[in-house]
Amino acid sequence: MVDFVRQLDWNLLHTFMVVAQERSMTRAADVMHRTQPAISQGIKRLEETAGTKLLERSRTGLIPTPAGEMLLEQVRSIFATISRLPVGFEAAPAALSGRLKIAMIDQVVNETLDRALTSFFARYPGVDLEITVSTTAAIIRAVELGHCTFGISDGVIPDFLASRELMRERFGLFCGAIHRLAGCKDLSVAQLRAEPFIGFTADVLGGTHMGDVTAYRASASIGQRVRGQSSYVSEIRRMIECGLGIGFLPLHLAEPYVDQGKLWRLPPYRDEPCAAAYVVTNPQIGLSVPETLFLKELSKIDFRL
């Protein structure tokens with residue numbers, strides 16, 4: 001055991017974790033800004049040090065072996081702890097100070113969350129807030145590694161993270177006012193199947209974060225040709241407005257643009273697909289005093305009221 005610890009290059013554990021997350025040496029190399037051969041060599045060295053195979057190929061890409069799964073669970077905990085060490089270095093003065101970091105998907109609108117933020121920062125004016133808008137996958141990774149206090153994300157939340165439903169959005173299908181279908185009132189879903197589609201980056205048929213909107217697309221055979229993609233609602237709307245294709249938007253965010261004559265609503269008009277957004281936290285990371293107090297406050301809130 002002592003020899004293993006002495007021989008282990010701890011950087012290889014990070015490489016292994018990223019490869020396991022991305023399920024690909026090539027994608028891991030892109031994320032880590034390294035070459036694919038360097039990543040491959042690093043995994044080989046780690047397996048030699050561990051004395052067992054840690055990754056194997058499957059239909060969906062590289063996945064951990066049983067030994068790899070055991071190691072991955074420990075590595076996640078190690079890196080979550082390390083990334084939060086600066087938080088532990090902060091003293092908690094009489095006047096509370098510190099920083100909350102929230103990673104969230106684009107254009108989350110929730111009045112209950114806003115009231116919680118207003119109330120908390122009114123009580124603790126010495127605390128700062130940083131909000132980053134990112135993709136579903138990047139938010140999950142940030143929460144996993146302890147790079148943020150909590151995330152607000154849609155998609156499929158891994159079992160090792162804690163999640164709580166924040167809100168549920170209904171989605172409608174839209175085209176731009178200059179689109180050839182604008183103004184048509186008697187369309188069927190079947191008539192939309194050949195139309196180029198504008199979709200969210202995470203909205204991939206058969207993908208990791210496939211939700212109700214993607215499932216509806218699959219069942220209705222809509223959006224087989226994806227012409228435009230973005231992780232941001234505003235850019236999805238822009239492409240739809242410009243007539244590049246049809247696409248789903250949250251109804252409450254699209255309605256003002258329908259009223260302005262910039263968007264046209266397409267079927268379905270009933271039983272629209274929904275997508276939930278969750279508050280996601282990592283139970284394994286250490287929290288600062290401000291983070292602990294804020295998450296405790298959030299835990300008391302019923303967001304669906």
Side-chain angles (χ1 to χ4, degrees), residues 100-122 127-140 142-143 148-157 161-176 198-203 209-217 228-241 246-266 268-281 294-295 297-305:
L100 301 183
K101 294 184 178 181
I102 306 175
M104 64 170 63
I105 53 177
D106 189 33
Q107 296 198 33
V108 172
V109 179
N110 186 276
E111 292 182 0
T112 307
L113 175 63
D114 290 347
R115 286 196 296 270
L117 289 169
T118 300
S119 172
F120 181 84
F121 286 95
V127 178
D128 299 325
L129 175 63
E130 177 183 335
I131 296 177
T132 58
V133 177
S134 192
T135 64
T136 299
I139 293 167
I140 298 300
V143 175
C148 60
T149 306
F150 66 94
I152 297 178
S153 177
D154 53 5
V156 179
I157 312 301
L161 299 178
S163 64
R164 187 167 159 230
E165 187 172 312
L166 170 67
M167 55 191 286
R168 188 168 286 270
E169 296 179 315
R170 291 187 301 138
F171 280 71
L173 192 60
F174 297 89
C175 68
I198 310 298
F200 290 89
T201 305
D203 181 18
H209 298 287
M210 182 168 152
D212 288 351
V213 175
T214 321
Y216 180 88
R217 279 181 56 203
Q229 282 186 313
S230 177
S231 299
Y232 302 101
V233 175
S234 57
E235 298 308 320
I236 294 290
R237 192 195 70 243
R238 183 202 303 271
M239 287 186 276
I240 295 173
E241 283 184 20
I246 64 175
F248 283 98
L249 291 167
L251 286 176
H252 67 286
L253 296 179
E255 284 170 355
Y257 296 91
V258 173
D259 294 339
Q260 295 170 27
K262 296 180 178 180
L263 293 175
W264 179 262
R265 176 82 183 272
L266 300 170
Y269 304 114
R270 299 174 58 186
D271 300 323
E272 305 96 337
C274 295
Y278 304 91
V279 174
V280 187
T281 57
F294 187 73
L295 290 181
E297 185 167 317
L298 282 187
S299 69
K300 300 175 182 177
I301 296 173
D302 187 347
F303 293 113
R304 292 169 294 182
L305 291 178

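Note that the coordinates shown come from a computational prediction; the quantities given were computed from them, not determined experimentally.
Closest approach of S231 to T135, counting heavy atoms only: OG-CG2, 2.9 Å. For I105 against A277, the heavy-atom pair with the smallest separation is CD1-CB, 4.4 Å. Heavy atoms only, all atoms of each residue included: V143 and C148 are closest at CG2-SG, 3.7 Å. Here the closest heavy-atom approach between residue C274 and residue R168 is recorded as CB-CG, 3.9 Å. Across every non-hydrogen atom of A116 and E297, the tightest pair is O-OE2, 3.5 Å. Of all heavy-atom pairs between T136 and G155, the closest is CG2-CA, 4.2 Å.
For the pair L166 and Y278, the minimum side-chain heavy-atom distance is 4.5 Å or more. Side-chain contact between P250 and Q107: absent, with no pair of heavy atoms (C-beta onward) separated by less than 4.5 Å. You'll find the side chain of F200 stays beyond 4.5 Å of the side chain of D106, heavy atoms only.
Distance check, rounded to the nearest 0.5 Å: CH2 of W264 to CD1 of I246 gives 14.5 Å. The CG atom of L117 sits 11.0 Å away from atom OG1 of T112, with the distance rounded to the nearest 0.5 Å. In this structure, CD1 in I157 is found 5.5 Å from OG in S163, a value given to the nearest 0.5 Å. The line from CD of E255 to CZ of F174 is 7.0 Å long, rounded to the nearest 0.5 Å. From N110, atom CG reaches atom CZ of R115 across 8.0 Å, with rounding to the nearest 0.5 Å. For the atom pair CD1 (I198) and CD1 (I236), the distance works out to 7.0 Å, reported to the nearest 0.5 Å.
For CZ of R265, the number of neighbouring non-hydrogen atoms (other residues, nucleotides, ligands) closer than 6.0 Å is greater than 12. Taking a 6.0 Å sphere around CD of E111, one finds it holds 12 or fewer heavy atoms contributed by other residues, nucleotides or ligands.
A cation-pi arrangement is found for R237 relative to Y257, the charged atom lying closer than 6.0 Å to the ring centre and inside a 45° cone about the ring normal.
Panel note: side chain T149, backbone K101; a donor-acceptor pair is recorded below 3.5 Å.
Salt bridge status for R238 with E241: absent, with no side-chain N to carboxylate O gap under 4.0 Å. Between E272 and R170 there is a salt bridge, with a side-chain nitrogen of the basic residue lying less than 4.0 Å from a carboxylate oxygen of the acidic one.
Remark: I131 pairs with I102, M104, L129 by the side-chain contact (heavy atoms from CB on, under 4.5 Å) rule, at least two apart or across chains. Every ring pair (Phe, Tyr, Trp, His ring centres under 6.0 Å) that F120 has, sequence neighbours left out, goes to Y124, F294. In terms of the side chain to side chain donor-acceptor pair (under 3.5 Å) criterion, Y216 has no residue partners (sequence neighbours excluded).
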Original post:
Given L113 and I152, is the side chain to side chain contact (heavy atoms under 4.5 Å, CB included) satisfied, shown in steps?
Top reply: CA-CA 11 Å; L113 175 63; I152 297 178; 3.5 Å; yes

Original post:
Stepwise, does the side chain to side chain contact (heavy atoms under 4.5 Å, CB included) test hold for V280 with I139?
Top reply: CA-CA 9 Å; V280 187; I139 293 167; 5.9 Å; no

**OP:** Step by step, work out the side chain to side chain contact (heavy atoms under 4.5 Å, CB included) result for D212 and F171.
**Re:** CA-CA 10 Å; D212 288 351; F171 280 71; over 6 Å; no

